[in-house]
Colleague: 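Could you have a look at this structure, given as structure tokens, before my questions?
Atom set for the values below is all heavy atoms of this structure, side chains included, hydrogens, waters and symmetry mates excluded. In this chain, residues are counted from 1 in sequence order.
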Amino acid sequence: MAHLAPSNESLHRRALRLAAGVTLVLVFTQLTGWPMAHIAPFMTGLLLQDSGPMPVRRGFFIFSMALVSTVSGLVLALFLANFPLILILVACALLYNFYMFILRSGEHMLAVIAAMIGVILMPYLVLIRPEVGAIGAIGLLLDFAVAISGAWITWYLLPVSSPPPTGHSAEPLPHLVASSMALNMMLVMAPLLAAYLAFGWGTILVLVYSVIFAATYDSKAGFATGLKMIIANGVYAGLGMLIVYELCVMVPSLPFMATLVAFAVFTFGLRIFGSGPTSPYWTSGLNGFLIMLGGALLADQGFTLGRMADRVWQITLATAYVSFFLAVLAMLQDRFSRPPQVAS
């Protein structure tokens, strides 16, 4: 799930398309600024890392998945608000089944995020931050609609110059593999959701980015890869966000911001599409960079160095939690799946 599809295009053209689409959507979010709009540029970037344009049917499926999961999360929160344990259990059951369905049907990674973020985020928003509950649901759906539309527009303006290799589409996973991945995802997200509901934490970025990172991360990667991902999100994403934001503050101009963001995303894209050993880390770094930068630029108040450092810390914490939790689960599954040793 976390690997790039092969392409016959030059990496510069792919990076240019990625930069153009992400910048287009980010500028649109700056001009409109609906709740949770900072997630849309990340979604657009995820779609534009494909080797070809997304079919219309797949786009509607992703949005439908977002709608179903968001409504499901809202209904859970409204009807089970006084029964938090049952709410968490039902949310985990929904997450497992949504995840299984998508993996078994070979749909896009963004559909996985759509299924997870609605079920996990909506109960938190309704119960802990009710002032943004329904508005947050509408904002999430707008994110998906704008991201999908922005990706289609970008593919139209910068079409594929060379057809991708045949057989590059995602394939449905076998039942046992999909079941194992869905179970791991449920086990990772259940304690996090329970902690957020129990303690009423206000650091929503950890919850949002945990969902995003978990959906895009290889659950069998291990501790070493997890540590590298933590560094990528803390350094690539954090340092990139800090530099771009500070320059935008120094030169408060929308054209300057758009040019700067396009250059930054183009630089990320060259590393991502270079297909080197560090490509997955740059991909994860770009995700964190877009989530943090979009939120910083949309903030109502000025962003101090302390607030920026706090955002970097939240992204790093989410990455550490998911990567190390999945590494422990992979280690335990490997240990218990080994055949028993027979004494000679």
Side-chain angles (χ1 to χ4, degrees), residues 1 17-18 20-50 52-77 91 94-95 98-99 101-103 105-126 132-156 170 185 189 204-205 207-216 265 286-288 290-291 293-295 298:
M1 289 179 60
R17 183 186 296 117
L18 176 65
V22 168
T23 304
L24 174 68
V25 171
L26 189 139
V27 169
F28 182 74
T29 63
Q30 295 301 304
L31 294 174
T32 52
W34 67 88
M36 305 193 73
H38 61 283
I39 302 178
F42 148 74
M43 294 178 178
T44 307
L46 201 63
L47 293 172
L48 292 176
Q49 290 177 44
D50 292 342
M54 179 179 54
V56 174
R57 181 204 64 80
R58 177 160 287 180
F60 280 106
F61 176 84
I62 293 173
F63 184 80
S64 299
M65 195 73 250
L67 179 62
V68 170
S69 67
T70 301
V71 172
S72 299
L74 281 172
V75 171
L76 278 181
L94 283 174
L95 177 62
F98 283 158
Y99 201 53
F101 172 71
I102 295 169
L103 294 178
S105 57
E107 288 294 339
H108 195 277
M109 188 188 305
L110 189 56
V112 175
I113 295 174
M116 292 174 60
I117 203 165
V119 172
I120 297 299
L121 191 57
M122 283 304 104
Y124 166 77
L125 290 179
V126 172
V132 295
I135 298 175
I138 297 173
L140 271 179
L141 294 177
L142 277 174
D143 286 336
F144 283 96
V146 170
I148 293 168
S149 301
W152 277 335
I153 292 171
T154 307
W155 281 110
Y156 177 78
M185 192 65 64
M189 299 312 302
I204 191 174
L205 184 58
L207 185 60
V208 171
Y209 199 71
S210 293
V211 171
I212 291 171
F213 183 74
T216 57
V265 176
L286 176 62
N287 296 342
L290 292 175
I291 291 291
L293 181 65
L298 284 167

Colleague: Would you say that Leu286 contacts Leu18 through its side chain, given a criterion of any heavy-atom pair below 4.5 Å between the two side chains?
Modeller: yes
Colleague: Test Pro41 against every option in Leu24, Thr29, Ile291 by the side chain to side chain contact (heavy atoms under 4.5 Å, CB included) rule and name the one that passes.
Modeller: Thr29
Colleague: As a quick check of understanding, evaluate side chain to side chain contact (heavy atoms under 4.5 Å, CB included) for Ile204 and Leu121, giving each step before the final call.
Modeller: CA-CA 9 Å; Ile204 191 174; Leu121 191 57; 3.8 Å; yes
Colleague: Can you name the closest pair of heavy atoms from Ile148 and Leu47 and give their distance?
Modeller: CA-CD1, 3.9 Å
Colleague: Out of curiosity, Met185 CE to Leu103 CG, how far, rounded to the nearest 0.5 Å?
Modeller: 8.0 Å
Colleague: Please name the pair of heavy atoms, one in Met109 and one in Ala215, separated by the smallest distance, quoted to 0.1 Å.
Modeller: CG-O, 3.8 Å
Colleague: Quick check: does any side chain N or O of Ser105 sit under 3.5 Å from a backbone N or O of Ile102, one acting as donor and the other as acceptor?
Modeller: yes
Colleague: Can you give me the closest heavy-atom contact between Phe98 and Ser72, atom names plus distance?
Modeller: CZ-OG, 4.1 Å
Colleague: Report the residues that fulfil side-chain contact (heavy atoms from CB on, under 4.5 Å) with Val126, sequence neighbours left out, ordered by chain and then residue number.
Modeller: Leu74, Ala77, Leu78
Colleague: Roughly how far, to the nearest 0.5 Å, is the CD1 atom of Ile120 from the CD1 atom of Ile113?
Modeller: 13.5 Å
Colleague: List the residues meeting side-chain contact (heavy atoms from CB on, under 4.5 Å) with Ala91, not counting sequence neighbours, and say none if there are none.
Modeller: Leu76, Val119, Leu193
Colleague: Could you give the distance from OH (Tyr124) to CG (Leu207), rounded to the nearest 0.5 Å?
Modeller: 7.5 Å
Colleague: Starting at OG1 of Thr23, measure out to CD of Gln30 and round the result to the nearest 0.5 Å.
Modeller: 11.5 Å
Colleague: Do Tyr209 and Asn287 touch side chain to side chain, with heavy atoms closer than 4.5 Å?
Modeller: yes
Colleague: Given the rule in the side chain to side chain contact (heavy atoms under 4.5 Å, CB included) test, do Phe101 and Glu107 qualify, once you have shown the distances and angles that lead to the verdict?
Modeller: CA-CA 9 Å; Phe101 172 71; Glu107 288 294 339; over 6 Å; no
Colleague: Identify the heavy atoms of Met122 and Thr70 that sit nearest to each other, and give their distance.
Modeller: CG-O, 3.6 Å
Colleague: Are Met43 and Val25 close enough that some pair of their side-chain heavy atoms sits under 4.5 Å apart?
Modeller: no
Colleague: Between Ile62 and Met54, is a side chain to side chain contact (heavy atoms under 4.5 Å, CB included) present by the stated rule, with each step listed?
Modeller: CA-CA 11 Å; Ile62 293 173; Met54 179 179 54; 3.7 Å; yes
Colleague: What donor-acceptor contacts under 3.5 angstrom involve side-chain atoms of residues 135-146, with partners at least two apart or in another chain?
Modeller:
| residue | atom | partner | partner atom | Å |
| --- | --- | --- | --- | --- |
| Asp143 | OD1 | Trp34 | NE1 | 2.9 |

Colleague: Tell me which pairs pass side-chain hydrogen bond (donor to acceptor under 3.5 Å, both in side chains) where either residue lies in residues 35-45, with sequence neighbours left out.
Modeller: none
Colleague: What are the two closest heavy atoms between Ala40 and Ala147, and how far apart are they?
Modeller: O-CB, 3.7 Å
Colleague: Using the ring pair (Phe, Tyr, Trp, His ring centres under 6.0 Å) criterion, which residues pair with Phe213? Sequence neighbours excluded.
Modeller: Tyr217
Colleague: Would you say the side-chain atoms of Ser69 pair up with the backbone N or O of Ala66, donor to acceptor, closer than 3.5 Å?
Modeller: yes
Colleague: Give the minimum heavy-atom separation between Leu290 and Phe42, together with the two atoms involved.
Modeller: CD1-CA, 3.9 Å
Colleague: Any side-chain heavy-atom pair from Leu48 and Trp155 closer than 4.5 angstrom?
Modeller: yes
